[in-house]
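Single-structure report; data block below.
Just so we're clear, the structure is a prediction, and the values are computed from it rather than from any experiment.
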Amino acid sequence: IIMPFLSEEMAGTFVPGTYLKVNGGVCLGSALFYLFLTFKFPVPKKKEPEETEDEKAGMAEFKATGNPKWLSARQLHNVQMQHMKDGTPLSRATWGTFSDDVPDLERISNS
């Protein structure tokens, strides 16, 4: 649609800048059309996924020991945000050794 304007501008038929103005108009037109579509088809609300059994077990262990090792990223984020609101220190996971993780390798590989 806009290539003929470039060709004619290069040939000298149209004044310089015609292609850029037409291109800008086409871009603005498509943006307005897209804006109309966003109102016609609104974005659905984000649904919070249900807590899995592993997450429940991880949260129970966290509440008992304070160790966030088995929390999911979503749970850890929620815990950290709560700590920020309360003004308390953030939970820190510690790095262990492979020999410390050997008893939990199956659980680690399944998560």
Side-chain angles (χ1 to χ4, degrees):
I1 274 186
I2 59 176
M3 289 310 292
F5 289 98
L6 178 61
S7 300
E8 293 298 320
E9 184 178 330
M10 297 292 281
T13 308
F14 295 144
V15 295
T18 303
Y19 172 74
L20 291 177
K21 291 175 186 173
V22 170
N23 190 7
V26 169
C27 289
L28 284 175
S30 67
L32 290 174
F33 181 71
Y34 179 74
L35 185 64
F36 169 73
L37 283 178
T38 59
F39 289 121
K40 187 168 177 74
F41 302 108
V43 177
K45 300 286 183 198
K46 183 178 178 182
K47 296 179 184 176
E48 191 71 25
E50 291 188 25
E51 198 172 45
T52 64
E53 292 301 319
D54 286 340
E55 288 177 327
K56 290 177 185 175
M59 185 56 77
E61 185 173 327
F62 173 72
K63 288 180 179 177
T65 64
N67 185 359
K69 178 179 181 177
W70 297 112
L71 293 180
S72 67
R74 179 171 45 99
Q75 288 176 313
L76 185 59
H77 175 75
N78 292 338
V79 167
Q80 301 294 40
M81 291 297 110
Q82 189 61 45
H83 283 301
M84 295 280 285
K85 287 178 187 173
D86 298 343
T88 56
L90 300 178
S91 299
R92 303 234 183 249
T94 57
W95 289 96
T97 62
F98 179 74
S99 58
D100 294 339
D101 288 337
V102 168
D104 300 317
L105 285 180
E106 188 170 331
R107 182 176 179 184
I108 292 170
S109 64
N110 290 333
S111 60

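- Under the 4.5 Å side-chain contact rule for hydrophobic residues, L28 and Y19 do not share a cluster.
- Using a 4.5 Å cut-off between side-chain heavy atoms of Ile, Leu, Val, Met, Phe, Trp and Tyr, with links allowed through other members, L105 and W70 fall into different hydrophobic clusters.
- Considering all non-hydrogen atoms of both residues, T38 and L35 come closest at OG1-O, 2.6 Å.
- Side-chain contact between H83 and P89 is absent, with no heavy atoms from C-beta onward closer than 4.5 Å.
- Under the side-chain hydrogen bond (donor to acceptor under 3.5 Å, both in side chains) rule, Q75 has a single partner from K56, E55, E51, which is E51.
- In this structure, the ring-ring contact (aromatic ring centres under 6.0 Å, His included) partners of F14, at least two apart in sequence or on a different chain, are F5.
- Counting heavy atoms from C-beta outward, K69 and D101 have side chains that approach closer than 4.5 Å.
- Clustering ILVMFWY residues whenever any of their side-chain heavy atoms sit less than 4.5 angstrom apart, transitively, puts M81 in a cluster other than the one holding M59.
- Counting heavy atoms of neighbouring residues, nucleotides and ligands inside a 6.0 Å radius, atom NE2 of H77 does not exceed 12 of them.
- Residues P49 and R74 have side chains in contact (heavy-atom distance under 4.5 Å, counting atoms from C-beta outward).
- Using a 4.5 Å cut-off between side-chain heavy atoms of Ile, Leu, Val, Met, Phe, Trp and Tyr, with links allowed through other members, L90 and L71 fall into different hydrophobic clusters.
- A heavy-atom distance below 4.5 Å is not found between the side chains of N78 and Q82.
- Hydrophobic clustering, with ILVMFWY side chains joined whenever heavy atoms are under 4.5 angstrom apart, keeps L32 apart from F39.
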Original post:
Could you walk me through whether E9 and T18 pass the side chain to side chain donor-acceptor pair (under 3.5 Å) check?
Top reply: CA-CA 7 Å; E9 184 178 330; T18 303; 4.7 Å; no

